[in-house]
Amino acid sequence: MGQDREATHKRLTEIWQDQSVGQLPIPGNKYILFSDLHLGNSGKADDFRDNEQALVRALQYYHGQGYSLILLGDIEEFWQFDLKDIRETYGESVYPAMCRFAPDRIVRIFGNHDSEWGALNDPATNRKSSLNPVAIKLVDAAGNPRVLLVHGHQGSTESDKNSWMSRFFVRLYKSVEPVFKIDKHSDAPKSQIASEYERIFHEWAEKNQVVIICGHSHRAIFASLSYADRLLLRVRELQKQIQDIETSKADRKKLLKDLEKAWDTFRREEAKGRRVTPAGSEPPSHGWYFNTGCGLYTDGITGIEIDNGSVSLVKWNRKPKPGEERVILQPEGGKVHSIV
């Protein structure tokens with residue numbers, strides 16, 4: 001995934017300054033953001049198929065809890081599959097669950113793999129779209145834009161400049177993938193190029209003092225740090241507390257147990273390639289960049305919740321244990337992270 005820094009920054013600035021981009025209020029509202037589901041035909045090349053029920057359960061939960069649904073691009077995989085096949089595959093599960101959201105509670109932003117919608121009848125909203133939205137701005141109580149929602153393919157060489165060639169090879173890849181049993185997605189994508197992509201988006205957001213939430217890279221990022229990096233910060237915090245001479249023996253025992261758990265989890269995340277720090281080598285002073293992740297992980301799907309300005313990165317497990325169907329990955333410990 002090649003990313004042009006100059007082209008990306010230029011395009012994001014154009015979108016942020018575009019007065020025609022739609023706006024949604026932050027105060028008193030709840031939003032759930034999903035991206036990169038890449039719905040297919042349930043065949044071997046459809047990487048989403050095993051997460052179908054996890055998504056349906058999630059959509060039912062958010063509808064019942066009064067959330068609005070924001071589809072942040074690449075919901076369908078049109079580079080590989082035809083609309084007819086996708087609609088037939090998920091027409092009795094995913095699409096009805098999406099259509100339960102009232103028209104004013106569902107928004108679709110288009111990505112590079114589902115941009116063909118145009119004026120087609122959208123099965124997610126059960127209506128035609130007269131325009132092709134590329135972004136949404138979230139505004140504070142005073143009406144000031146604070147957050148930019150985009151899919152994230154802006155500035156991508158494969159999506160913006162050479163999309164026709166990319167589509168050709170993806171169609172070809174679809175035909176050979178089941179034959180050679182190529183595994184495109186694990187529970188942790190490992191592309192190191194993606195980390196450069198994320199740094200470019202973080203740079204723009206920090207420079208312009210704008211919180212940006214996107215998808216596209218398939219990496220779940222919270223407040224400009226990956227889950228692995230936040231675990232490492234937690235390890236260092238626990239080590240410091242253990243070394244404090246005022247820590248009691250009982251507290252030190254508990255801290256050691258917490259440290260062991262955090263350290264083991266960090267090593268697993270790092271081994272799976274999940275340690276990505278978009279901001280660089282040092283922890284950022286502010287969380288400017290968020291990424292929803294995707295719906296293609298082998299153990300479930302990730303998304304971002306926004307509740308009255310408080311944001312959380314959540315995971316819906318494919319085969320959940322009791323009480324672990326919906327897991328808040330970040331922030332940890334019941335803390336609140338606000339985007340306003």
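Nothing here was measured: the structure is a model prediction, and the numbers come from that model.
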Legend entry - Contacts of Arg5 that satisfy side-chain hydrogen bond (donor to acceptor under 3.5 Å, both in side chains) - sequence neighbours left out: Glu196, Glu203

Legend entry - Gap between atom CG of Asp251 and atom NZ of Lys254 - 0.5 Å precision: 8.5 Å

Legend entry - Check: Ala58 main-chain N/O paired with Gln60 side-chain donor or acceptor under 3.5 Å: no

Inset, instruction - With sequence neighbours left out, write down each residue that passes side-chain contact (heavy atoms from CB on, under 4.5 Å) with Thr8, or none if nothing qualifies. - result: Gln3, Leu12, Ile200, Phe201

Legend entry - Heavy-atom neighbours of Glu260 CD exceed 12 at 6.0 Å: no

Legend entry - Close side-chain approach of His337 to Phe222, heavy-atom, < 4.5 Å: yes

Legend entry - N/O donor-acceptor pair under 3.5 Å between Asp74 side chain and His38 backbone: no

Inset, instruction - Report yes if some heavy atom in the side chain of Arg146 is under 4.5 Å from a heavy atom in the side chain of Val139; otherwise report no. - result: no

Inset, instruction - List the atom of Tyr95, the atom of Ala124, and the distance in Å for their closest heavy-atom pair. - result: CD2-N, 3.7 Å

Legend entry - Sidechain-backbone polar pair: Asp18 side chain, Trp16 backbone, donor-acceptor under 3.5 Å: no

Legend entry - Polar side-chain atom of Asp46 near backbone of Phe48 as donor-acceptor pair, under 3.5 Å: yes

Legend entry - Flag side-chain contact, heavy atom, 4.5 Å: His216 against Tyr197: yes

Inset, instruction - For residues 207-218, pull every pair meeting salt bridge (Lys or Arg N to Asp or Glu O under 4.0 Å), keeping only residues two or more places apart or in separate chains. - result: none

Inset, instruction - Could you tell me which residues satisfy side-chain contact (heavy atoms from CB on, under 4.5 Å) with Ile328, sequence neighbours excluded, listed by chain and number? - result: Ser312, Val314, Arg326

Inset, instruction - Supply the atom-to-atom distance His218 NE2 to Thr302 OG1, rounded to the nearest 0.5 angstrom. - result: 10.0 Å

Inset, instruction - With sequence neighbours left out, write down each residue that passes ring-ring contact (aromatic ring centres under 6.0 Å, His included) with Phe34, or none if nothing qualifies. - result: none

Legend entry - side-chain contact (heavy atoms from CB on, under 4.5 Å) partners of Ala142, counting only residues at least two apart: Asp140, Asn144

Legend entry - Any donor-acceptor pair under 3.5 Å from Asp47 side chain to Leu296 backbone: no

Inset, instruction - Could you tell me which residues satisfy side-chain hydrogen bond (donor to acceptor under 3.5 Å, both in side chains) with Lys253, sequence neighbours excluded, listed by chain and number? - result: none

Inset, instruction - List the steps and the verdict of side-chain contact (heavy atoms from CB on, under 4.5 Å) for Ile86 and Phe78. - result: CA-CA 9 Å; Ile86 299 172; Phe78 284 149; 3.7 Å; yes

Legend entry - Inter-residue atom distance Ile32.CD1 - Glu305.CD, 0.5 Å rounding: 5.0 Å

Legend entry - Spacing of Glu77 atom CD and Trp79 atom CH2 [to the nearest 0.5 Å]: 8.0 Å

Inset, instruction - Without swapping roles, check the side chain of Asp4 against the backbone of Ala7 for a donor-acceptor pair under 3.5 Å. - result: yes

Inset, instruction - Answer yes or no: is there a side-chain heavy-atom contact under 4.5 Å between Phe290 and Ile306? - result: no

Legend entry - SB check Arg11 Glu14 (cutoff 4.0 Å): yes

Legend entry - Donor-acceptor contact present, side-chain Ser35 to main-chain Thr292, <3.5 Å: no

Inset, instruction - Taking the side chain as every heavy atom from C-beta outward, state whether Lys315 and Asp299 have any pair of such atoms under 4.5 Å apart. - result: yes

Inset, instruction - Check whether any side-chain heavy atom of Asp50 lies under 4.5 Å from a side-chain heavy atom of Tyr297, and answer yes or no. - result: no

Legend entry - Ion pair check, Glu6 and Lys10, cut-off under 4.0 Å: no

Legend entry - Side-chain ion pair, Arg57 and Glu325, N-O less than 4.0 Å: yes

Legend entry - Any residue meeting side-chain contact (heavy atoms from CB on, under 4.5 Å) with Leu256, in chain and number order, not counting sequence neighbours: Ile242, Arg252

Inset, instruction - Would you please name every residue forming a side-chain hydrogen bond (donor to acceptor under 3.5 Å, both in side chains) with Ser93, sequence neighbours left out? - result: Glu52

Legend entry - For Ala54 against Arg318, the heavy-atom pair lying closest together: CB-CA, 4.3 Å

Legend entry - By ring-ring contact (aromatic ring centres under 6.0 Å, His included) - contacts of Tyr62 (at least two apart): Tyr67, Trp316

Legend entry - Lys261 bridged to Asp258 by N-O distance under 4.0 Å: no

Legend entry - N/O donor-acceptor pair under 3.5 Å between Asp307 side chain and Tyr31 backbone: no

Legend entry - Shortest non-hydrogen contact between Pro27 and Ala141, atoms and distance: CG-N, 3.6 Å

Inset, instruction - Apply side-chain contact (heavy atoms from CB on, under 4.5 Å) to the pair Leu24 and Asn29, showing each step before the final yes or no. - result: CA-CA 9 Å; Leu24 293 173; Asn29 288 279; over 6 Å; no

Inset, instruction - Identify the heavy atoms of Ile75 and Leu37 that sit nearest to each other, and give their distance. - result: O-CB, 3.6 Å

Inset, instruction - Assess whether side-chain contact (heavy atoms from CB on, under 4.5 Å) is satisfied between Asn291 and Ile213, documenting all intermediate values. - result: CA-CA 6 Å; Asn291 194 296; Ile213 304 177; over 6 Å; no

Inset, instruction - Find the distance between CG (Leu33) and CG (Leu313) and round it off to the nearest 0.5 Å. - result: 11.5 Å

Legend entry - Close side-chain approach of Leu149 to Lys137, heavy-atom, < 4.5 Å: no

Legend entry - salt bridge (Lys or Arg N to Asp or Glu O under 4.0 Å) involving Lys249 - partner list, sequence neighbours excluded: none

Inset, instruction - Taking the side chain as every heavy atom from C-beta outward, state whether Ser217 and Glu198 have any pair of such atoms under 4.5 Å apart. - result: yes

Legend entry - Which atom of Pro133 lies closest to which atom of Arg108, heavy atoms considered: CG-O, 3.0 Å

Inset, instruction - Would you indicate whether Glu92, at its atom CD, is surrounded by more than 12 heavy atoms from other residues, nucleotides or ligands within a distance under 6.0 Å? - result: no

Inset, instruction - State whether the side chain of His63 and the backbone N or O of Arg100 hold a donor-acceptor pair below 3.5 Å, judged by distance alone. - result: yes

Inset, instruction - Output all residues satisfying side-chain hydrogen bond (donor to acceptor under 3.5 Å, both in side chains) with Asp85, sequence neighbours left out; order by chain, then residue number. - result: none

Inset, instruction - Give a yes or no answer on whether the side chain of Arg87 reaches the backbone of Asp82 with a donor-acceptor pair at less than 3.5 Å. - result: no

Inset, instruction - Give the minimum heavy-atom separation between Cys294 and Asp36, together with the two atoms involved. - result: CB-O, 3.5 Å

Inset, instruction - Output the distance between atom CG (Asp244) and atom CD (Gln239), rounded to the nearest 0.5 Å. - result: 14.0 Å

